[in-house]
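So the structure is just underneath, and the comments pick up after that.
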Number of protein chains: 2
Amino acid sequence: MAGSDRSKAGGWAGPQPVFVLVRPQMGENIGASARAMLNFGLEHMRLVAPRDGWPNPAATATAAGASAVLDKVQVLESLPEALADLEYVYATTARPRELTKPVVTPEAAMREARARIGAGQRVGVLFGPERAGLENADVARANAIVSVPVNPAFASLNLSQCVLLVAYEWLRQAGADDMQVEAPELAPQVEIERLAEALEDRLEASHFFWPENRAESMRLNLRNMLSRMPLTRADVRMWHGIVKFLSERWPRG
Amino acid sequence: MAGSDRSKAGGWAGPQPVFVLVRPQMGENIGASARAMLNFGLEHMRLVAPRDGWPNPAATATAAGASAVLDKVQVLESLPEALADLEYVYATTARPRELTKPVVTPEAAMREARARIGAGQRVGVLFGPERAGLENADVARANAIVSVPVNPAFASLNLSQCVLLVAYEWLRQAGADDMQVEAPELAPQVEIERLAEALEDRLEASHFFWPENRAESMRLNLRNMLSRMPLTRADVRMWHGIVKFLSERWPRG
(Lines give C-alpha, C1' and ligand atoms only; values in the text may rest on other atoms or scores of the structure.)
Protein backbone atom coordinates (compact mmCIF):
# COMPACT_ATOMS: atom_id res chain seq x y z
CA MET A 1 0.00 0.00 0.00
CA ALA A 2 1.33 3.42 -0.92
CA GLY A 3 2.23 5.88 1.79
CA SER A 4 -0.45 8.34 0.80
CA ASP A 5 -3.08 5.63 1.07
CA ARG A 6 -1.88 4.73 4.50
CA SER A 7 -2.20 8.27 5.71
CA LYS A 8 -5.69 8.47 4.20
CA ALA A 9 -6.73 5.28 5.91
CA GLY A 10 -5.24 6.47 9.16
CA GLY A 11 -3.26 3.26 9.56
CA TRP A 12 -6.40 1.14 9.70
CA ALA A 13 -5.48 -0.79 6.60
CA GLY A 14 -3.74 -4.06 7.30
CA PRO A 15 -4.60 -7.14 5.28
CA GLN A 16 -8.27 -6.80 4.39
CA PRO A 17 -11.04 -8.55 2.53
CA VAL A 18 -11.66 -7.51 -1.08
CA PHE A 19 -15.20 -6.29 -1.79
CA VAL A 20 -16.31 -7.40 -5.25
CA LEU A 21 -19.26 -5.58 -6.84
CA VAL A 22 -20.70 -7.89 -9.50
CA ARG A 23 -22.21 -6.17 -12.57
CA PRO A 24 -23.05 -2.95 -10.69
CA GLN A 25 -25.41 -0.67 -12.60
CA MET A 26 -25.41 2.86 -11.20
CA GLY A 27 -22.17 4.77 -10.80
CA GLU A 28 -23.69 6.50 -7.78
CA ASN A 29 -23.95 3.16 -6.02
CA ILE A 30 -20.33 2.33 -6.75
CA GLY A 31 -19.29 5.67 -5.29
CA ALA A 32 -21.54 5.25 -2.24
CA SER A 33 -20.12 1.77 -1.71
CA ALA A 34 -16.57 3.14 -1.84
CA ARG A 35 -17.48 5.65 0.86
CA ALA A 36 -19.18 3.00 2.97
CA MET A 37 -16.05 0.83 2.76
CA LEU A 38 -13.63 3.60 3.62
CA ASN A 39 -15.77 4.61 6.60
CA PHE A 40 -14.69 1.35 8.12
CA GLY A 41 -11.14 1.34 6.82
CA LEU A 42 -11.63 -0.95 3.79
CA GLU A 43 -9.85 0.01 0.56
CA HIS A 44 -9.87 -2.92 -1.82
CA MET A 45 -12.71 -2.89 -4.33
CA ARG A 46 -13.10 -4.88 -7.51
CA LEU A 47 -15.77 -4.36 -10.15
CA VAL A 48 -16.98 -7.14 -12.42
CA ALA A 49 -18.37 -5.91 -15.74
CA PRO A 50 -19.80 -2.59 -14.52
CA ARG A 51 -22.76 -1.72 -16.75
CA ASP A 52 -21.55 1.76 -17.67
CA GLY A 53 -17.88 0.90 -18.09
CA TRP A 54 -15.00 2.43 -16.21
CA PRO A 55 -14.03 5.09 -15.20
CA ASN A 56 -17.49 6.31 -14.33
CA PRO A 57 -17.90 10.04 -13.61
CA ALA A 58 -20.99 9.47 -11.46
CA ALA A 59 -19.04 7.04 -9.29
CA THR A 60 -16.19 9.49 -8.90
CA ALA A 61 -18.53 12.34 -8.03
CA THR A 62 -20.43 10.31 -5.43
CA ALA A 63 -17.27 8.87 -3.92
CA ALA A 64 -15.83 12.32 -3.32
CA GLY A 65 -13.25 11.90 -0.60
CA ALA A 66 -13.09 8.13 -0.91
CA SER A 67 -10.54 8.25 -3.70
CA ALA A 68 -8.31 5.93 -1.67
CA VAL A 69 -10.74 3.24 -2.78
CA LEU A 70 -11.64 4.27 -6.34
CA ASP A 71 -8.10 5.20 -7.37
CA LYS A 72 -7.03 1.62 -7.08
CA VAL A 73 -10.24 -0.18 -7.98
CA GLN A 74 -9.65 -3.23 -10.18
CA VAL A 75 -12.04 -3.83 -13.08
CA LEU A 76 -12.46 -7.38 -14.38
CA GLU A 77 -14.59 -8.78 -17.16
CA SER A 78 -15.74 -11.92 -15.44
CA LEU A 79 -16.33 -13.16 -11.92
CA PRO A 80 -13.78 -16.01 -12.20
CA GLU A 81 -11.10 -13.43 -13.03
CA ALA A 82 -12.12 -11.33 -10.05
CA LEU A 83 -11.90 -14.29 -7.71
CA ALA A 84 -8.75 -15.87 -9.18
CA ASP A 85 -6.36 -15.03 -6.34
CA LEU A 86 -8.84 -15.31 -3.47
CA GLU A 87 -8.91 -18.30 -1.18
CA TYR A 88 -12.24 -17.83 0.57
CA VAL A 89 -15.26 -16.03 -0.82
CA TYR A 90 -18.53 -14.93 0.77
CA ALA A 91 -21.59 -14.10 -1.34
CA THR A 92 -24.14 -11.67 0.06
CA THR A 93 -27.74 -12.48 -0.77
CA ALA A 94 -31.06 -11.26 0.55
CA ARG A 95 -32.62 -14.71 0.46
CA PRO A 96 -30.48 -17.76 1.10
CA ARG A 97 -30.96 -20.12 -1.87
CA GLU A 98 -31.25 -23.83 -2.00
CA LEU A 99 -27.55 -23.91 -2.74
CA THR A 100 -26.02 -26.10 -0.06
CA LYS A 101 -23.62 -23.71 1.59
CA PRO A 102 -23.14 -22.34 5.05
CA VAL A 103 -25.33 -19.26 5.61
CA VAL A 104 -23.86 -16.82 8.11
CA THR A 105 -24.63 -13.37 9.48
CA PRO A 106 -22.38 -10.42 8.58
CA GLU A 107 -21.09 -10.59 12.13
CA ALA A 108 -20.08 -14.25 11.92
CA ALA A 109 -18.68 -13.78 8.41
CA MET A 110 -16.42 -10.88 9.34
CA ARG A 111 -15.28 -12.56 12.54
CA GLU A 112 -14.33 -15.58 10.49
CA ALA A 113 -12.80 -13.42 7.77
CA ARG A 114 -10.51 -11.82 10.35
CA ALA A 115 -9.38 -15.23 11.50
CA ARG A 116 -8.81 -16.40 7.93
CA ILE A 117 -6.94 -13.26 6.94
CA GLY A 118 -4.92 -13.51 10.13
CA ALA A 119 -3.94 -16.98 9.01
CA GLY A 120 -2.78 -15.63 5.65
CA GLN A 121 -5.80 -16.34 3.46
CA ARG A 122 -7.09 -13.89 0.87
CA VAL A 123 -10.79 -13.28 1.41
CA GLY A 124 -13.43 -11.69 -0.80
CA VAL A 125 -17.06 -10.64 -0.38
CA LEU A 126 -19.41 -10.55 -3.37
CA PHE A 127 -22.23 -8.03 -3.77
CA GLY A 128 -24.79 -8.43 -6.55
CA PRO A 129 -26.26 -5.92 -8.99
CA GLU A 130 -28.86 -3.47 -7.69
CA ARG A 131 -32.06 -4.98 -8.99
CA ALA A 132 -31.69 -8.71 -9.06
CA GLY A 133 -28.82 -9.43 -6.73
CA LEU A 134 -26.34 -12.22 -7.37
CA GLU A 135 -27.39 -15.02 -9.70
CA ASN A 136 -27.18 -18.62 -8.62
CA ALA A 137 -24.20 -19.05 -10.92
CA ASP A 138 -22.37 -16.28 -9.01
CA VAL A 139 -23.27 -17.66 -5.60
CA ALA A 140 -22.14 -21.10 -6.71
CA ARG A 141 -18.58 -19.79 -6.87
CA ALA A 142 -18.60 -18.69 -3.23
CA ASN A 143 -17.63 -20.74 -0.21
CA ALA A 144 -20.34 -19.36 2.03
CA ILE A 145 -23.40 -17.12 1.97
CA VAL A 146 -23.78 -13.95 4.02
CA SER A 147 -27.33 -12.89 4.75
CA VAL A 148 -28.29 -9.80 6.74
CA PRO A 149 -31.07 -10.60 9.22
CA VAL A 150 -33.90 -8.24 8.32
CA ASN A 151 -37.62 -7.78 8.89
CA PRO A 152 -39.02 -10.53 6.63
CA ALA A 153 -42.00 -8.33 5.79
CA PHE A 154 -39.79 -5.46 4.61
CA ALA A 155 -36.34 -6.14 3.24
CA SER A 156 -35.18 -3.34 1.02
CA LEU A 157 -31.45 -3.03 1.64
CA ASN A 158 -29.75 -1.49 -1.37
CA LEU A 159 -26.24 -2.20 -2.60
CA SER A 160 -24.34 0.43 -0.65
CA GLN A 161 -26.33 -0.28 2.54
CA CYS A 162 -25.37 -3.93 2.31
CA VAL A 163 -21.73 -2.92 1.77
CA LEU A 164 -22.03 -0.57 4.76
CA LEU A 165 -23.27 -3.27 7.12
CA VAL A 166 -20.62 -5.81 6.16
CA ALA A 167 -17.87 -3.17 6.36
CA TYR A 168 -19.21 -2.06 9.75
CA GLU A 169 -18.99 -5.64 10.99
CA TRP A 170 -15.43 -5.91 9.67
CA LEU A 171 -14.30 -3.00 11.79
CA ARG A 172 -16.50 -3.99 14.72
CA GLN A 173 -14.76 -7.34 14.95
CA ALA A 174 -11.39 -5.58 15.12
CA GLY A 175 -11.17 -5.31 18.79
CA ALA A 176 -14.66 -5.71 19.99
CA ASP A 177 -13.15 -5.44 23.45
CA ASP A 178 -11.37 -2.13 23.31
CA MET A 179 -14.37 -0.50 21.60
CA GLN A 180 -16.24 -0.79 24.83
CA VAL A 181 -18.17 1.69 26.83
CA GLU A 182 -16.47 4.89 27.79
CA ALA A 183 -17.76 6.03 31.14
CA PRO A 184 -17.22 9.46 32.67
CA GLU A 185 -14.81 9.52 35.58
CA LEU A 186 -16.84 9.70 38.74
CA ALA A 187 -16.05 11.64 41.89
CA PRO A 188 -14.58 9.64 44.77
CA GLN A 189 -17.00 8.81 47.55
CA VAL A 190 -15.38 11.24 49.94
CA GLU A 191 -16.51 14.09 47.71
CA ILE A 192 -20.05 12.74 47.53
CA GLU A 193 -19.96 12.51 51.32
CA ARG A 194 -18.89 16.15 51.70
CA LEU A 195 -21.57 17.29 49.27
CA ALA A 196 -24.20 15.29 51.14
CA GLU A 197 -23.07 16.85 54.43
CA ALA A 198 -23.11 20.37 53.04
CA LEU A 199 -26.56 19.82 51.57
CA GLU A 200 -27.88 18.25 54.76
CA ASP A 201 -26.59 21.12 56.87
CA ARG A 202 -28.34 23.65 54.70
CA LEU A 203 -31.55 21.64 54.59
CA GLU A 204 -31.43 21.20 58.35
CA ALA A 205 -31.28 24.97 58.76
CA SER A 206 -34.17 25.32 56.31
CA HIS A 207 -36.36 22.95 58.31
CA PHE A 208 -36.56 20.57 55.40
CA PHE A 209 -36.41 17.45 57.57
CA TRP A 210 -39.84 17.74 59.00
CA PRO A 211 -42.02 16.39 60.62
CA GLU A 212 -39.65 15.00 63.20
CA ASN A 213 -40.84 11.42 62.92
CA ARG A 214 -40.05 11.34 59.20
CA ALA A 215 -36.72 13.20 59.43
CA GLU A 216 -34.64 10.06 59.72
CA SER A 217 -36.11 8.39 56.62
CA MET A 218 -35.87 11.64 54.65
CA ARG A 219 -32.17 11.84 55.46
CA LEU A 220 -31.76 8.26 54.39
CA ASN A 221 -33.58 8.88 51.11
CA LEU A 222 -31.38 11.87 50.40
CA ARG A 223 -28.17 9.91 51.01
CA ASN A 224 -29.51 7.05 48.99
CA MET A 225 -30.33 9.24 46.03
CA LEU A 226 -27.01 11.09 46.05
CA SER A 227 -25.00 7.91 46.16
CA ARG A 228 -27.01 6.46 43.29
CA MET A 229 -26.20 9.39 40.99
CA PRO A 230 -23.18 9.08 38.68
CA LEU A 231 -21.63 12.40 39.78
CA THR A 232 -18.30 13.57 38.42
CA ARG A 233 -15.97 15.90 40.31
CA ALA A 234 -17.23 18.75 38.14
CA ASP A 235 -20.83 17.83 38.98
CA VAL A 236 -20.01 17.89 42.68
CA ARG A 237 -18.43 21.33 42.37
CA MET A 238 -21.48 22.56 40.50
CA TRP A 239 -23.82 21.26 43.19
CA HIS A 240 -21.80 22.94 45.92
CA GLY A 241 -22.27 26.16 43.97
CA ILE A 242 -25.98 25.54 43.48
CA VAL A 243 -26.56 24.85 47.17
CA LYS A 244 -24.59 27.92 48.14
CA PHE A 245 -26.32 30.26 45.70
CA LEU A 246 -29.79 28.96 46.37
CA SER A 247 -29.48 29.24 50.10
CA GLU A 248 -27.48 32.43 50.47
CA ARG A 249 -28.17 34.84 47.69
CA TRP A 250 -31.85 34.52 47.09
CA PRO A 251 -33.33 37.98 47.60
CA ARG A 252 -36.32 37.03 49.65
CA GLY A 253 -39.76 38.17 48.74
CA MET B 1 -50.95 -0.77 16.95
CA ALA B 2 -53.37 -1.32 14.08
CA GLY B 3 -53.67 -4.75 12.53
CA SER B 4 -52.42 -3.58 9.17
CA ASP B 5 -49.24 -2.28 10.73
CA ARG B 6 -48.68 -5.52 12.51
CA SER B 7 -49.01 -7.50 9.31
CA LYS B 8 -46.67 -5.06 7.58
CA ALA B 9 -44.12 -5.45 10.33
CA GLY B 10 -44.49 -9.19 10.25
CA GLY B 11 -45.07 -9.35 13.99
CA TRP B 12 -41.63 -7.89 14.74
CA ALA B 13 -43.03 -4.92 16.50
CA GLY B 14 -43.14 -5.30 20.23
CA PRO B 15 -42.16 -2.38 22.43
CA GLN B 16 -39.48 -0.48 20.55
CA PRO B 17 -37.27 2.56 20.81
CA VAL B 18 -38.50 5.77 19.20
CA PHE B 19 -36.12 7.24 16.62
CA VAL B 20 -36.19 11.04 16.77
CA LEU B 21 -34.87 12.96 13.76
CA VAL B 22 -33.95 16.43 14.96
CA ARG B 23 -34.41 19.25 12.42
CA PRO B 24 -33.99 16.98 9.38
CA GLN B 25 -33.43 18.88 6.14
CA MET B 26 -34.00 16.69 3.08
CA GLY B 27 -37.26 14.78 2.68
CA GLU B 28 -35.30 12.07 0.86
CA ASN B 29 -33.30 11.42 4.00
CA ILE B 30 -36.45 11.15 6.11
CA GLY B 31 -37.82 8.61 3.65
CA ALA B 32 -34.55 6.65 3.52
CA SER B 33 -34.43 6.64 7.32
CA ALA B 34 -37.99 5.26 7.44
CA ARG B 35 -36.94 2.43 5.11
CA ALA B 36 -33.80 1.75 7.12
CA MET B 37 -35.88 1.51 10.31
CA LEU B 38 -38.51 -0.79 8.83
CA ASN B 39 -35.81 -3.08 7.42
CA PHE B 40 -35.09 -3.94 11.02
CA GLY B 41 -38.67 -3.89 12.26
CA LEU B 42 -38.70 -0.39 13.80
CA GLU B 43 -41.80 1.74 13.24
CA HIS B 44 -41.80 4.66 15.64
CA MET B 45 -40.35 7.86 14.19
CA ARG B 46 -40.65 11.40 15.49
CA LEU B 47 -39.57 14.53 13.63
CA VAL B 48 -38.54 17.71 15.40
CA ALA B 49 -39.06 20.84 13.31
CA PRO B 50 -38.41 19.31 9.87
CA ARG B 51 -37.00 22.07 7.65
CA ASP B 52 -39.53 21.63 4.84
CA GLY B 53 -42.59 21.04 7.03
CA TRP B 54 -44.81 18.01 6.99
CA PRO B 55 -46.10 16.09 5.10
CA ASN B 56 -43.16 16.09 2.70
CA PRO B 57 -43.72 14.62 -0.78
CA ALA B 58 -40.02 13.79 -1.22
CA ALA B 59 -40.06 11.81 2.01
CA THR B 60 -43.15 9.89 0.96
CA ALA B 61 -41.70 9.11 -2.46
CA THR B 62 -38.39 7.90 -1.05
CA ALA B 63 -40.04 5.88 1.69
CA ALA B 64 -42.15 3.94 -0.82
CA GLY B 65 -43.16 0.78 0.94
CA ALA B 66 -42.21 2.01 4.38
CA SER B 67 -45.56 3.67 4.94
CA ALA B 68 -45.93 1.72 8.21
CA VAL B 69 -43.39 4.21 9.55
CA LEU B 70 -44.36 7.47 7.82
CA ASP B 71 -48.12 7.03 8.25
CA LYS B 72 -47.76 7.35 11.98
CA VAL B 73 -44.79 9.68 12.25
CA GLN B 74 -45.19 12.29 15.00
CA VAL B 75 -44.10 15.84 14.26
CA LEU B 76 -43.14 18.09 17.17
CA GLU B 77 -41.97 21.67 17.29
CA SER B 78 -39.30 21.30 19.91
CA LEU B 79 -37.00 18.62 21.25
CA PRO B 80 -38.40 18.78 24.81
CA GLU B 81 -41.86 17.99 23.39
CA ALA B 82 -40.46 15.06 21.45
CA LEU B 83 -38.78 13.67 24.55
CA ALA B 84 -41.51 14.40 27.06
CA ASP B 85 -42.75 10.83 27.59
CA LEU B 86 -39.37 9.10 27.21
CA GLU B 87 -37.41 7.84 30.18
CA TYR B 88 -34.03 7.16 28.63
CA VAL B 89 -32.56 8.94 25.63
CA TYR B 90 -29.49 8.26 23.50
CA ALA B 91 -27.95 10.95 21.27
CA THR B 92 -25.99 9.86 18.20
CA THR B 93 -22.97 11.99 17.44
CA ALA B 94 -19.97 11.55 15.18
CA ARG B 95 -17.59 13.09 17.66
CA PRO B 96 -18.15 12.59 21.34
CA ARG B 97 -18.17 16.06 22.92
CA GLU B 98 -16.77 17.29 26.14
CA LEU B 99 -20.21 16.76 27.60
CA THR B 100 -19.70 14.33 30.42
CA LYS B 101 -21.91 11.42 29.48
CA PRO B 102 -21.38 7.74 28.89
CA VAL B 103 -20.31 7.11 25.28
CA VAL B 104 -21.37 3.74 23.94
CA THR B 105 -21.27 1.85 20.65
CA PRO B 106 -24.52 1.19 18.76
CA GLU B 107 -24.17 -2.41 19.86
CA ALA B 108 -23.93 -1.60 23.56
CA ALA B 109 -26.67 1.03 23.26
CA MET B 110 -29.18 -1.28 21.63
CA ARG B 111 -28.36 -4.13 23.98
CA GLU B 112 -29.01 -1.81 26.89
CA ALA B 113 -32.11 -0.36 25.18
CA ARG B 114 -33.58 -3.87 24.91
CA ALA B 115 -33.00 -4.42 28.60
CA ARG B 116 -34.49 -1.04 29.51
CA ILE B 117 -37.52 -1.53 27.27
CA GLY B 118 -37.94 -5.02 28.66
CA ALA B 119 -38.07 -3.44 32.11
CA GLY B 120 -40.83 -1.09 30.93
CA GLN B 121 -38.86 2.05 30.15
CA ARG B 122 -39.59 4.20 27.11
CA VAL B 123 -36.40 4.76 25.14
CA GLY B 124 -35.50 7.20 22.37
CA VAL B 125 -32.57 7.69 20.01
CA LEU B 126 -31.77 11.16 18.64
CA PHE B 127 -30.31 11.76 15.19
CA GLY B 128 -29.10 15.21 14.19
CA PRO B 129 -29.61 17.22 11.02
CA GLU B 130 -27.64 16.25 7.93
CA ARG B 131 -24.94 18.87 7.88
CA ALA B 132 -24.09 19.80 11.39
CA GLY B 133 -25.43 16.94 13.50
CA LEU B 134 -26.88 17.46 16.94
CA GLU B 135 -26.03 20.66 18.77
CA ASN B 136 -24.61 20.57 22.27
CA ALA B 137 -27.95 21.83 23.60
CA ASP B 138 -29.64 18.77 22.04
CA VAL B 139 -27.06 16.32 23.34
CA ALA B 140 -27.34 17.89 26.80
CA ARG B 141 -30.89 16.51 27.01
CA ALA B 142 -29.83 12.91 26.44
CA ASN B 143 -28.76 10.37 29.06
CA ALA B 144 -25.98 8.85 26.96
CA ILE B 145 -24.12 9.29 23.68
CA VAL B 146 -24.00 6.72 20.88
CA SER B 147 -21.00 6.92 18.60
CA VAL B 148 -20.35 4.60 15.64
CA PRO B 149 -16.72 3.47 15.61
CA VAL B 150 -15.41 4.54 12.20
CA ASN B 151 -12.14 5.06 10.37
CA PRO B 152 -10.94 8.28 12.02
CA ALA B 153 -9.40 9.42 8.75
CA PHE B 154 -12.69 9.07 6.86
CA ALA B 155 -15.98 9.39 8.69
CA SER B 156 -18.77 10.29 6.32
CA LEU B 157 -21.84 8.48 7.59
CA ASN B 158 -24.98 10.25 6.52
CA LEU B 159 -28.25 10.45 8.41
CA SER B 160 -29.96 7.37 6.97
CA GLN B 161 -26.76 5.30 7.25
CA CYS B 162 -26.51 6.15 10.92
CA VAL B 163 -30.17 5.21 11.36
CA LEU B 164 -29.49 1.98 9.46
CA LEU B 165 -26.62 0.94 11.71
CA VAL B 166 -28.47 1.63 14.95
CA ALA B 167 -31.61 -0.13 13.66
CA TYR B 168 -29.47 -3.08 12.54
CA GLU B 169 -28.01 -3.35 16.04
CA TRP B 170 -31.50 -3.21 17.53
CA LEU B 171 -32.58 -6.27 15.60
CA ARG B 172 -29.21 -8.00 16.00
CA GLN B 173 -29.52 -7.80 19.77
CA ALA B 174 -32.89 -9.58 19.63
CA GLY B 175 -31.33 -12.86 20.56
CA ALA B 176 -29.11 -11.37 23.22
CA ASP B 177 -31.91 -10.29 25.52
CA ASP B 178 -31.15 -12.68 28.32
CA MET B 179 -29.00 -9.95 29.83
CA GLN B 180 -31.30 -8.70 32.55
CA VAL B 181 -30.87 -5.20 33.80
CA GLU B 182 -32.79 -4.16 36.82
CA ALA B 183 -33.52 -0.54 36.18
CA PRO B 184 -35.17 1.79 38.64
CA GLU B 185 -38.29 3.35 37.20
CA LEU B 186 -37.08 6.65 35.85
CA ALA B 187 -39.02 9.87 35.57
CA PRO B 188 -40.20 10.78 32.09
CA GLN B 189 -38.23 13.56 30.38
CA VAL B 190 -41.04 16.05 30.83
CA GLU B 191 -40.54 15.88 34.59
CA ILE B 192 -36.79 16.34 34.24
CA GLU B 193 -37.53 19.31 32.03
CA ARG B 194 -39.81 20.89 34.64
CA LEU B 195 -37.28 20.32 37.40
CA ALA B 196 -34.54 21.85 35.26
CA GLU B 197 -36.73 24.88 34.61
CA ALA B 198 -37.63 25.33 38.26
CA LEU B 199 -33.99 25.05 39.28
CA GLU B 200 -32.85 27.42 36.54
CA ASP B 201 -35.45 30.00 37.55
CA ARG B 202 -34.27 29.95 41.16
CA LEU B 203 -30.62 30.06 40.18
CA GLU B 204 -31.31 32.91 37.81
CA ALA B 205 -32.85 34.90 40.67
CA SER B 206 -29.83 34.02 42.81
CA HIS B 207 -27.39 35.36 40.21
CA PHE B 208 -25.80 31.96 39.84
CA PHE B 209 -25.30 32.30 36.09
CA TRP B 210 -22.50 34.80 36.24
CA PRO B 211 -20.35 36.24 34.72
CA GLU B 212 -22.56 36.90 31.71
CA ASN B 213 -20.12 35.45 29.19
CA ARG B 214 -20.15 32.12 30.96
CA ALA B 215 -23.88 32.01 31.65
CA GLU B 216 -24.74 30.08 28.49
CA SER B 217 -22.22 27.32 29.09
CA MET B 218 -23.19 27.11 32.76
CA ARG B 219 -26.80 26.57 31.74
CA LEU B 220 -25.71 23.90 29.27
CA ASN B 221 -23.64 22.15 31.92
CA LEU B 222 -26.57 22.16 34.29
CA ARG B 223 -28.94 20.63 31.71
CA ASN B 224 -26.32 18.16 30.73
CA MET B 225 -25.80 17.00 34.28
CA LEU B 226 -29.50 16.72 35.10
CA SER B 227 -30.29 14.68 32.01
CA ARG B 228 -27.41 12.34 32.79
CA MET B 229 -28.74 11.50 36.25
CA PRO B 230 -30.98 8.45 36.58
CA LEU B 231 -33.73 10.31 38.44
CA THR B 232 -36.90 8.54 39.50
CA ARG B 233 -40.19 10.34 40.00
CA ALA B 234 -39.57 10.27 43.75
CA ASP B 235 -36.11 11.79 43.22
CA VAL B 236 -37.63 14.58 41.15
CA ARG B 237 -40.18 15.31 43.87
CA MET B 238 -37.44 15.38 46.48
CA TRP B 239 -35.36 17.81 44.40
CA HIS B 240 -38.32 20.14 43.94
CA GLY B 241 -38.59 20.15 47.72
CA ILE B 242 -34.89 20.74 48.19
CA VAL B 243 -34.85 23.64 45.76
CA LYS B 244 -37.90 25.17 47.41
CA PHE B 245 -36.63 24.81 50.97
CA LEU B 246 -33.11 25.96 50.20
CA SER B 247 -34.22 29.04 48.39
CA GLU B 248 -37.18 30.10 50.51
CA ARG B 249 -36.77 29.15 54.10
CA TRP B 250 -33.13 29.71 54.86
CA PRO B 251 -33.01 32.11 57.79
CA ARG B 252 -30.25 34.42 56.67
CA GLY B 253 -27.38 35.83 58.53
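Within every chain, numbering begins at 1; the chains are lettered A, B, ... in the order of the sequence lines, protein sequences first and strands thereafter.
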Heavy-atom proximity to chain B below 4.5 Å, by part of [X]:
| X | answer |
| --- | --- |
| A:Asn221 | both |
| A:Glu204 | neither |
| A:Tyr168 | side chain |

Could you label the plane-to-plane angle of the B:Phe245 and A:Phe208 rings as parallel, tilted or perpendicular, counting under 30° as parallel and over 60° as perpendicular?
perpendicular

For chain A, the option from B:Ser156, B:Ala36, B:Ala167, B:Ser160 that forms the most heavy-atom pairs under 4.5 Å
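If we count pairs closer than 4.5 Å to chain A, B:Ser156 comes out on top.
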
Do you know which of B:Leu199, B:Val243, B:Leu164 has the most heavy-atom pairs with chain A at a distance under 4.5 angstrom?
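With the most close heavy-atom pairs to chain A, the winner is B:Leu164.
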
When the 4.5 angstrom heavy-atom criterion is applied to B:Val148 and chain A, the contacting part is side chain

Would you mind checking which part of B:Leu222 comes under 4.5 Å of any heavy atom in chain A, side chain (CB onward), backbone (N, CA, C, O), both or neither?
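Both backbone and side chain of B:Leu222 come within 4.5 Å of chain A.
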
Begin from the C-alpha positions of B:Leu203 and B:Met218 and carry the test side-chain contact (heavy atoms from CB on, under 4.5 Å) through to its verdict.
CA-CA 11 Å; B:Leu203 289 171; B:Met218 290 175 80; over 6 Å; no

More than 12 non-hydrogen atoms from neighbouring residues, nucleotides or ligands closer than 6.0 Å to CD on B:Glu216, yes or no?
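Not buried by this count: 12 neighbours or fewer within 6.0 Å.
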
Taking CD in A:Glu197 as the centre, count heavy atoms belonging to other residues, nucleotides or ligands within less than 6.0 Å. Is the count above 12?
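Yes, enclosed.
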
Shortest non-hydrogen contact from B:Glu87 toward B:Asn143:
O-OD1, 4.2 Å

I need the B:Lys101 NZ to B:Thr93 OG1 distance, nearest 0.5 Å.
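Here the rounded value is 11.0 Å.
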
